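Heads up: the structure comes next, in structure tokens.
Keep in mind that what you see is a predicted model, and the values were worked out from it rather than measured.
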Amino acid sequence: MEVNKRIAIIGGGPSGLFMFKRLVESGRTDIIIEIFERKDKLGSGMPYSQEGANDEHITNVSSNEIPLIVTSLSDWIISVPKDTLDKFHIDPTYFNEYKVLPRLLFGQYLTAQFGLLQKMARDKGIEYLVHYNSQVTDIVDHPTRGRVLVEVNGLLKFEFDQVIISTGHNWPKRHEGVVPGYFDSPYPPVKLAMQLNHPVAIKGSSLTAVDAIRTLARHNGTFNKDKYGRLSYTLLEGCKNFRMVLHTRNGMLPAVRFHLEDSHLTNKSLLSKEEIEQHIAENGGFLSLDYIFEKDFKAPIREKEPEFYEQIKDLNMEDFVAKMMALREELDPFVLLKSEYIEAEKSIKRKQSVYWKEMLGVLSFALNYPAKHLSAEDMQRLQKSLTPLISIVIAYIPQSSSEELLALHQAGILDLISVGEESRVEPDPEQGATYFYSDGNGKEQSVHFDTYIDCVGQPHLAFEDLPFAGLLENRTVTPAKLKYKSMAAGALDMREGKQVTQDQNGDYYLQVPGLAINDHFQVVDAYGAFNDRIYIMAVPYIGGFNPDYSGLDFSEESSASIIKRMFPEYD
């Protein structure tokens with residue numbers, strides 16, 4: 001008698017949604033799928049539920065930029081009850097595929113899509129089971145039996161043939177809950193729904209910071225529009241001393257969302273998987289960052305925007321980043337925000353991309369998956385040079401958020417200061433934290449804030465942060481590390497105290513955040529062998545080998561890699 005293969009999906013958020021979709025569409029009916037979801041709802045995950053959003057928070061992607069699940073967002077909107085649409089001020093008559101949505105409403109869309117996928121599974125005769133309110137507390141691999149044990153809520157134990165870890169975002173609490181007024185992240189945002197009569201320190205200026213700003217602004221004042229549609233901000237009577245101070249290393253705000261020519265971070269001119277593999281084979285087993293920069297960034301620009309290409313054709317990666325950063329550094333960040341807002345408005349109205357910015361997003365996405373083949377030297381170059389520019393340019397602040405930031409700054413409520421690379425934050429046991437940094441004149445500053453919020457975004461978590469002790473203790477997983485191309489460079493970094501190790505062959509390796517995985521998102525053990533039973537697409541724990549991820553696009557791409565490994569016949 002043929003026994004069905006038992007497959008577990010750990011986490012029922014967006015990544016789990018796409019993995020379930022792949023399994024349902026695989027054509028296999030000899031499988032049993034079990035989904036373990038910590039909450040009582042599937043699909044929304046953290047970003048699109050009350051764990052990550054309030055009514056005021058919006059997506060930074062539009063309908064046309066979302067990978068198709070079952071039905072399009074535009075089609076789904078028509079089916080949403082009027083009272084729900086009214087709550088979010090959505091008129092389906094005027095909704096189109098270029099509109100962004102409130103994040104909580106988008107979470108409802110993802111939940112509905114998960115429901116449709118469950119119906120598809122039933123229609124196809126695929127057996128599945130959803131475990132709600134089920135926190136997976138441990139995972140233990142049993143190689144000799146070819147089975148994986150999953151422990152739930154510290155009590156129940158289940159066995160599977162294969163397990164996909166898709167637990168999503170995680171912001172560990174270091175000081176929050178112990179130090180009053182200190183927040184390790186702005187999530188869940190309901191905790192920031194408070195009136196304050198003092199300045200608030202915000203670390204970072206990413207979309208995470210924008211989330212905190214949108215919530216705090218609404219609870220300490222009001223936005224108003226005049227007859228010309230211009231936004232202004234007024235503080236509440238009891239909050240006259242409230243203001244927000246963004247602290248960034250480079251003194252910059254992220255760029256404004258514009259029209260994308262290709263809405264799914266792909267481009268026909270990109271290197272193929274086969275071309276990348278051939279290059280790695282011919283380059284001593286390493287992927288060259290310069291090669292990718294030339295082929296997947298500059299080459300497409302040469303074809304599409306020859307005038308811009310002429311300005312950058314002779315620049316290497318570091319020189320290009322320096323040029324682009326210098327242009328941003330010349331202007332006050334809020335003056336630049338207003339300028340980019342106008343540029344983005346024209347881009348959206350004319351449906352014309354700001355092409356070099358779009359290609360930077362494409363480059364980041366294209367580089368993400370083969371990044372594990374970079375040398376340690378190139379990964380450090382990527383993190384030091386290109387990543388800071390990418391994080392600014394492809395954040396894609398929605399227009400309404402840009403308007404609010406400008407209104408808050410105009411009202412004297414929002415400021416930004418550059419604190420440099422050497423800045424640090426020290427929690428105050430009594431209240432809040434103190435920011436230590438050097439100002440523009442080189443003078444040392446120490447400023448205390450009664451409220452401090454870390455908003456640098458999802459951190460790349462360390463190998464030791466993985467919450468499944470069984471995988472760590474049995475060495476089923478191993479820390480991610482990258483080999484040095486130059487032994488001299490490895491030796492130098494080791495002398496300088498970086499996390500560098502040397503193996504029995506004398507080769508040097510740089511430890512990077514999270515777990516080691518292969519190209520199919522399989523975990524790799526201490527002996528370098530990949531595991532056919534355990535896959536991971538939980539981005540906080542694979543940041544060393546996947547330095548960038550792009551929401552639903554990442555979920556779609558990684559689930560495709562996994563299903564092709566699980567079922568090679570999958571097309």
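- For the pair Val425 and Phe436, the minimum side-chain heavy-atom distance is 4.5 Å or more.
- A salt bridge is absent between Arg6 and Glu159; no separation between the charged side-chain nitrogens and carboxylate oxygens falls under 4.0 Å.
- The line from CG of Leu367 to CG of Leu270 is 11.0 Å long, rounded to the nearest 0.5 Å.
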Atom pairs and distances, donor-acceptor, side-chain atoms in residues 172-182, under 3.5 Å, two or more places apart:
from: Glu176; atom 1: OE1; to: Asp184; atom 2: N; distance (Å): 2.9
from: Glu176; atom 1: OE1; to: Lys191; atom 2: NZ; distance (Å): 3.0
from: Glu176; atom 1: OE2; to: Lys191; atom 2: NZ; distance (Å): 2.7

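- Between Phe293 and Phe297, the ring planes lie parallel to each other; the angle is under 30°, not in the 30° to 60° tilted range.
- With sequence neighbours left out, Asp450 forms a salt bridge (Lys or Arg N to Asp or Glu O under 4.0 Å) with no residue at all.
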**Asked** Do Lys5 and Asp161 pass the salt bridge (Lys or Arg N to Asp or Glu O under 4.0 Å) test, and can you show the C-alpha distance, the side-chain angles, and the key distance before you say yes or no?
**Response** CA-CA 6 Å; Lys5 179 182 286 191; Asp161 298 291; over 6 Å; no
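- Ser49 and Gly45 get closest at one heavy-atom pair: OG-O, 2.7 Å.
- For CD of Glu496, the number of neighbouring non-hydrogen atoms (other residues, nucleotides, ligands) closer than 6.0 Å is greater than 12.
- With 3.5 Å as the limit, one finds no donor-acceptor pair spanning the side chains of Gln113 and Lys21.
- Side-chain atoms of Ser15 and Ser555 include a donor-acceptor pair closer than 3.5 Å.
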**Stepwise ring pair (Phe, Tyr, Trp, His ring centres under 6.0 Å) test for Phe36 and Phe158** = CA-CA 11 Å; Phe36 295 87; Phe158 303 81; 5.2 Å; yes
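- Using a 3.5 Å distance cut-off with no hydrogens or angles, the side chains of Glu426 and Thr434 do not pair a donor with an acceptor.
- Using modelled atom types, one side-chain atom of Asp503 and one backbone atom of Asn505 make a donor-acceptor pair closer than 3.5 Å.
- Within the cation-pi definition used here (under 6.0 Å to the ring centroid, within 45° of the axis), Arg257 does not qualify as a partner of Tyr396.
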**Request:** Please test Gln458 against Trp171 for side chain to side chain contact (heavy atoms under 4.5 Å, CB included), starting from the C-alpha separation and ending with a verdict.
**Result:** CA-CA 7 Å; Gln458 174 63 65; Trp171 275 268; 3.8 Å; yes
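- A donor-acceptor pair is defined here as one N or O able to donate and one able to accept, closer than 3.5 Å; no such pair exists between the side chain of Asp290 and the backbone of Ile292.
- Under 3.5 Å, the side chains of Thr137 and Glu151 contain a donor-acceptor pair of N or O atoms.
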**Request:** Dump the intermediate steps for side chain to side chain contact (heavy atoms under 4.5 Å, CB included) on Val419 and Thr248, then the final yes or no.
**Result:** CA-CA 6 Å; Val419 295; Thr248 73; 6.0 Å; no
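- Side-chain atoms of Met244 and Ile213, non-hydrogen and from C-beta on, do get closer than 4.5 Å to each other.
- At least one donor-acceptor pair closer than 3.5 Å links the side chain of Glu377 to the backbone N or O of Lys485.
- In this structure, a donor-acceptor pair under 3.5 Å is absent between the side chains of Glu37 and His131.
- With hydrogens and angles ignored, the 3.5 Å screen pairs a side-chain donor or acceptor of Asn518 with a backbone N or O of His520.
- Using a 4.5 Å heavy-atom threshold, the side chains of Tyr48 and Thr59 count as touching.
- Residues Pro189 and Asp211 fail the side-chain proximity criterion, which asks for heavy atoms closer than 4.5 Å.
- The side-chain hydrogen bond (donor to acceptor under 3.5 Å, both in side chains) search around Asn153 returns none, not counting sequence neighbours.
- Remark: the Asp493 side chain and the Gln380 side chain contain an N/O donor-acceptor pair separated by less than 3.5 Å.
- The closest side-chain donor-acceptor pair between Asp532 and Gln162, if any, does not fall under 3.5 angstrom.
- Under the 4.5 Å side-chain criterion, counting only non-hydrogen atoms from C-beta, Lys41 is not in contact with Phe114.
- Across Tyr369 and Asp519, no two heavy atoms sit closer than the pair O-OD1, 4.1 Å.
- Residues His448 and Asp428 form a side-chain contact, since some pair of their non-hydrogen atoms from C-beta on lies under 4.5 Å apart.
- No hydrogens or angles considered: nothing links the side chains of Tyr291 and Asp296 as a donor-acceptor pair under 3.5 Å.
- Met194 is linked by a side-chain contact (heavy atoms from CB on, under 4.5 Å) to Phe183, Leu192, Leu196, Thr451, counting only residues two or more places apart in sequence or in another chain.
- Counting only heavy atoms from C-beta outward, the side chains of His142 and Val148 never approach each other to under 4.5 Å.
- Closest of all the heavy-atom pairs between Leu23 and Ile31 is O-CD1, 4.0 Å.
- Aromatic rings of Tyr535 and Phe521 (six-membered ring for Trp) have centroids beyond the 6.0 Å cut-off, not under it.
- Considering every non-hydrogen atom in both Pro540 and Asn170, the closest pair reads CG-N, 3.9 Å.
- Within the 3.5 Å criterion, the main-chain N or O of Gly52 finds a donor-acceptor partner in the side chain of Arg103.
- Salt bridge annotation for Glu56-Arg214: absent, with no cationic side-chain nitrogen under 4.0 angstrom from a carboxylate oxygen.
- One distance of note links CE of Met537 with OG of Ser166; it measures 6.0 Å at 0.5 Å rounding.
- The main-chain N or O of Arg22 is never found under 3.5 Å from a side-chain atom of Ser559 such that the two would form a donor-acceptor pair.
- In terms of modelled atom types and a separation under 3.5 Å, the side chain of His57 and the main chain of Asn54 share a donor-acceptor contact.
- The heavy-atom pair separating Pro398 from Leu207 by the smallest distance is CD-CD2, 4.4 Å.
- Under the 3.5 Å distance criterion, the side-chain polar atoms of Arg381 are left unmatched by any main-chain donor or acceptor of Met317.
- A donor-acceptor pair under 3.5 Å is formed between the side chain of Ser205 and the backbone N or O of Met252.
- Salt-bridge annotation for Arg147 and Asp141: absent, with no side-chain N of the basic residue lying under 4.0 Å from a carboxylate O of the acidic one.
- Remark: the Ser418 side chain and the His247 side chain contain no N/O donor-acceptor pair separated by less than 3.5 Å.
- Using a cut-off of 4.0 Å between Lys/Arg side-chain N and Asp/Glu carboxylate O, Asp525 and Arg475 are scored as not salt-bridged.
- For the side-chain hydrogen bond (donor to acceptor under 3.5 Å, both in side chains) test, residues two or more places apart in sequence or in another chain that qualify with Tyr128 are Arg122.
- A search for side-chain contact (heavy atoms from CB on, under 4.5 Å) contacts involving Arg38 returns Glu51, Gln135, not counting sequence neighbours.
- The closest donor-acceptor contact from the side chain of Thr215 to the backbone of Ala212 lies at 3.5 Å or more, if one exists at all.
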**Asked** What's the verdict on side chain to side chain contact (heavy atoms under 4.5 Å, CB included) for Ser185 and Thr208, showing C-alpha distance, side-chain angles and the deciding distance?
**Response** CA-CA 8 Å; Ser185 82; Thr208 305; 5.9 Å; no
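- Residues Ile165 and Ile534 form a side-chain contact, since some pair of their non-hydrogen atoms from C-beta on lies under 4.5 Å apart.
- Taking each heavy atom of Leu287 and Pro370 in turn, the nearest pair found is CD2-O, 3.5 Å.
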**Request:** Under the ring pair (Phe, Tyr, Trp, His ring centres under 6.0 Å) rule, what do Tyr452 and Phe449 come out as? Steps first, then yes or no, please.
**Result:** CA-CA 6 Å; Tyr452 164 82; Phe449 292 87; 8.3 Å; no
